[in-house]
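Input: a single structure, listed below in structure tokens.
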Amino acid sequence: MIDLNRRPRMGLLLISPERFAVIGEGTARGSYKERKESEAIWMVKETSSIADVTFTGITWNREDVQRSIDAFIAAKVDYVLAIYLSWAEDFAWIRFLRDMPECPILFCHRMRERIELKDTHDDDEFAEYLCCGGLVGSLEASGSIKRFNRKMMVTFMGTWTQVLERAKRFGTAARTRALLRQSTFGLLACMNEVMWSTYVDIYALFRDIGPEMRFLSVAELENMVDAVSREDAIATMKRIASKYEVLPNVDEDKFLASVRASIGMEHMAEKYDLDLLVLNDIDPVLFQHIGLRPGFWPTHPDVKTMVVPEGDIGSGVAFAVLKLLGGGHVNYIEPFHVDLSSGSFDAGHAGPNDYTDPRGKCKISSDVRFAKTKWKYAGAPFAWYVFPEGRKTMLHCSQQTDKFQLVVTQVDATPTEHFLATYSHSHFKPVGKDCTALFSKLLERGVTQHYCITDGDLTGEIEDLAMMLGCEFEEV
């Protein structure tokens, strides 16, 4: 499985001209080379606060470029931060653009907070003047950026603090791109036959987004559930019951069956080393063989596999993106209706949903949606959850053209008590717009009903990632 905790891996490329190296020797602030080497030391130190940094020294010549490229490849860097430390010959830069394998590159010009040059007839002042010339070098380099027209290439200028902030955001997206390309998804057992707009091209998923897909069967899930010992299931059920209120409508035998099915599903995901499982939890075959839909993922904090319902692979991408970018709890929703009187909308979803964030509110309740069906464990309980309050990034992913699309907005989850049976849920208010404007734009865009939410504002990181993956992007 992918390492959700690993840091971004940065390759740091700092370019300077060899012909300037000895200028300023013997002056108060040292030679050009000495000044730039000191600058590189603190740049490496400060970038190490946001990434694992690979740096082979300042790039002065062609040989240095090749050494940097070789080191970046060996370290499997997620991205490169490239900076001209002053003007420099562009033969090193163009070789890097030509020979560096495809990867995200952030090319930055660092503006100094202050420049206090005096009479540059003085050798010390003249060396300092050359040291300040990063703008002329960056402008020269931009022409080659245009000529090579590499994918995943972004330019930026700002103070060093701003450069670090931009590099952190860019690096978070680049790390997510790399992890998606190492990930494995599983589909259990099919896409949803009543939600065709959620369908995606699985070959394009691998080519453009990264995950490899495993196709799993309900028959094997049934075997995995049967293999879960009664003792383990009872212990897990009691642990869950000790943490959350169990409502009177819960049947203990069905509670145990739901917990056991959840454990079996997690064991199946572990067997296939899945980073994310797309579960078609309304598939009749699932109910025929299992008798319910598993209602208690994750059953334990050690469970690493992410799970999304209703056979929607695109929403699985959205879920994984938010998890990899933000690292926090991610929940699954579909908007139900707009309440014009409050300016809010209600949203949530039935089926698997992470209920383990203690800031939310969880009760164990019967799944009343299926309580009157013919299935063996009709009404089997699930973790009925109200999402935590606060600012959320709400992300959608689907494939309505040949490209995948990432559509993002900001919403606030507002105070909510349990009221919507069968669904984990909350009240939401859009940020900076009303509900009519939000959903009119989504209708115009052409999406589906499924979205994922997580804490904070990840819009910038999602925009960078969309560029890296070749996805369409829109903030609404």
To the nearest 0.5 angstrom, please state how far the CD atom of Gln399 sits from the CG atom of Asp201. 5.5 Å
What do the steps show when you test Phe387 against Ser424 for side chain to side chain contact (heavy atoms under 4.5 Å, CB included), and what is the final call? CA-CA 7 Å; Phe387 309 128; Ser424 293; 4.0 Å; yes
Step by step, work out the side chain to side chain donor-acceptor pair (under 3.5 Å) result for Arg445 and Gln400. CA-CA 10 Å; Arg445 174 79 199 183; Gln400 309 306 343; over 6 Å; no
Take atom CH2 in Trp42; do more than 12 heavy atoms of anything else shown fall under 6.0 Å from it? yes
Taking the side chain as every heavy atom from C-beta outward, state whether Phe319 and Asn331 have any atom pair closer than 4.5 Å. no
Does any N or O in the side chain of Arg7 come within less than 3.5 Å of the main-chain N or O of Ser49, such that one atom is a donor and the other an acceptor? yes
Pair Trp160, Glu46: side-chain N/O donor-acceptor within cut-off below 3.5 Å: yes
Verify the distance criterion only: is there a donor paired with an acceptor across the side chains of His450 and Tyr332 at less than 3.5 Å? yes
Quick one: does Thr416's side chain have a donor or acceptor within less than 3.5 Å of a partner on His427's backbone? yes
Test of understanding: with salt bridge (charged side-chain N to carboxylate O under 4.0 Å, His left out), list the residues that count as partners of Arg150, not counting sequence neighbours. none
Rounding to 0.5 Å, atoms CG (Asn192) and SG (Cys190) come to a distance of 7.5 Å
Value rounded to 0.5 Å, distance of CE in Met111 from OG1 in Thr159: 6.5 Å
Answer yes or no: is there a donor N or O on one side and an acceptor on the other, between the side chain of Ser315 and the main chain of Asp312, under 3.5 Å? yes
So how far is it from Thr409 OG1 to Ile453 CD1, rounded to the nearest 0.5 Å? 12.5 Å
Name all pairs fulfilling the side chain to side chain donor-acceptor pair (under 3.5 Å) condition that reach into residues 169-188, sequence neighbours left out, sorted by first residue then second. Arg169-Asp464
So, does Lys76 use its side chain to make a donor-acceptor pair with the main chain of Ala74 at under 3.5 Å? no
Determine whether Val80 and Met10 make a side-chain contact, defined as any pair of heavy atoms from C-beta on separated by less than 4.5 Å. no
Closest non-hydrogen atoms of Leu458 and Thr393, given as atom of the first, atom of the second and distance, are N-OG1, 2.9 Å
Counting distance only, does the side-chain N/O of Thr422 pair as donor-acceptor with the main-chain N or O of Val368 below 3.5 Å? yes
Around atom CZ of Phe148, are there more than 12 heavy atoms from other residues, nucleotides or ligands closer than 6.0 Å? yes
Return the CE to OG1 distance between Met191 and Thr198, rounded to the nearest 0.5 Å. 7.5 Å
Lys151 and Glu102 have their tightest heavy-atom pair at CD-OE2, 3.8 Å
CG on Leu14 to CZ on Phe55, rounded to 0.5 Å: 4.5 Å
Taking the side chain as C-beta and beyond, is there a heavy-atom pair between Met153 and Ile145 under 4.5 Å? yes
Might you point out which heavy atoms bring Glu193 and Tyr199 nearest each other, and give the distance in Å? CA-OH, 3.3 Å
Checking Asn280 side chain against Ala189 main chain: does a donor-acceptor pair fall under 3.5 Å? no
May I ask you to say whether Arg293 pairs ionically with Asp367, meaning some side-chain N is under 4.0 Å from a carboxylate O? yes
For residues Leu322 and Ile462, report the shortest heavy-atom separation together with the two atoms involved. CD2-CD1, 4.1 Å
What's the shortest heavy-atom distance between Pro298 and Asp354, and which atoms? CD-OD1, 3.9 Å
Listed by chain and number, what are the ring-ring contact (aromatic ring centres under 6.0 Å, His included) partners of Phe345, not counting sequence neighbours? Phe428, Phe439
Smallest heavy-atom separation, Val225 atom then Ala261 atom, equals CG2-CA, 3.8 Å
So Leu216 and Met268, side chain to side chain contact (heavy atoms under 4.5 Å, CB included) or not? Walk me through it. CA-CA 9 Å; Leu216 311 177; Met268 188 176 187; 3.5 Å; yes
Between Lys168 and Glu165, is the closest basic N to carboxylate O distance under 4.0 Å? no
Ignoring hydrogens and geometry beyond distance, is a side-chain donor-acceptor pair present between Ser344 and Ser342 at under 3.5 Å? yes
Kindly indicate, with the supporting measurements, whether the criterion side chain to side chain contact (heavy atoms under 4.5 Å, CB included) is fulfilled by Cys103 and Ile105. CA-CA 6 Å; Cys103 82; Ile105 300 173; 4.2 Å; yes
Is there a donor-acceptor contact under 3.5 Å from the side chain of Lys363 to the main chain of Tyr385? no
For residues 162-187, the ring pair (Phe, Tyr, Trp, His ring centres under 6.0 Å) pairs (sequence neighbours left out) are Tyr79-Phe170
Test your reading of the model: is there a side-chain donor-acceptor pair from Asp90 to the backbone of Trp93, 3.5 Å cut-off? no
Determine the sole option in Asp455, Asp457, Asp412 for which the salt bridge (Lys or Arg N to Asp or Glu O under 4.0 Å) test with Arg391 is passed. Asp412
Given Ile364 and Leu247, is the side chain to side chain contact (heavy atoms under 4.5 Å, CB included) satisfied, shown in steps? CA-CA 6 Å; Ile364 310 305; Leu247 298 183; over 6 Å; no
Given Thr459 and Gln410, is the side chain to side chain donor-acceptor pair (under 3.5 Å) satisfied, shown in steps? CA-CA 8 Å; Thr459 303; Gln410 295 293 301; 3.2 Å; yes
Can you list every side chain to side chain donor-acceptor pair (under 3.5 Å) pair that touches residues 258-274, not counting sequence neighbours? Glu220-Lys271, Glu220-Tyr272, Glu266-Thr299
pair Leu13-Ile83: side-chain heavy atoms closer than 4.5 Å: no
Using 4.0 Å as the upper bound for N to carboxylate O, is an ion pair formed by Asp52 and Arg9? no
Tell me if a side-chain donor or acceptor on Thr305 pairs with a main-chain N or O of Leu274 at a distance below 3.5 Å. yes
Return the orientation label for the Tyr451 and His396 ring planes: parallel under 30°, perpendicular over 60°, tilted otherwise. tilted
Sequence neighbours left out, what passes side chain to side chain contact (heavy atoms under 4.5 Å, CB included) with Glu389? Give chain and number order. Pro415
Under-4.0 Å salt bridge between Arg95 and Asp64: no
Report yes or no: does Trp384 contribute a side-chain atom to a donor-acceptor pair with the main-chain N or O of Tyr423 at less than 3.5 Å? yes
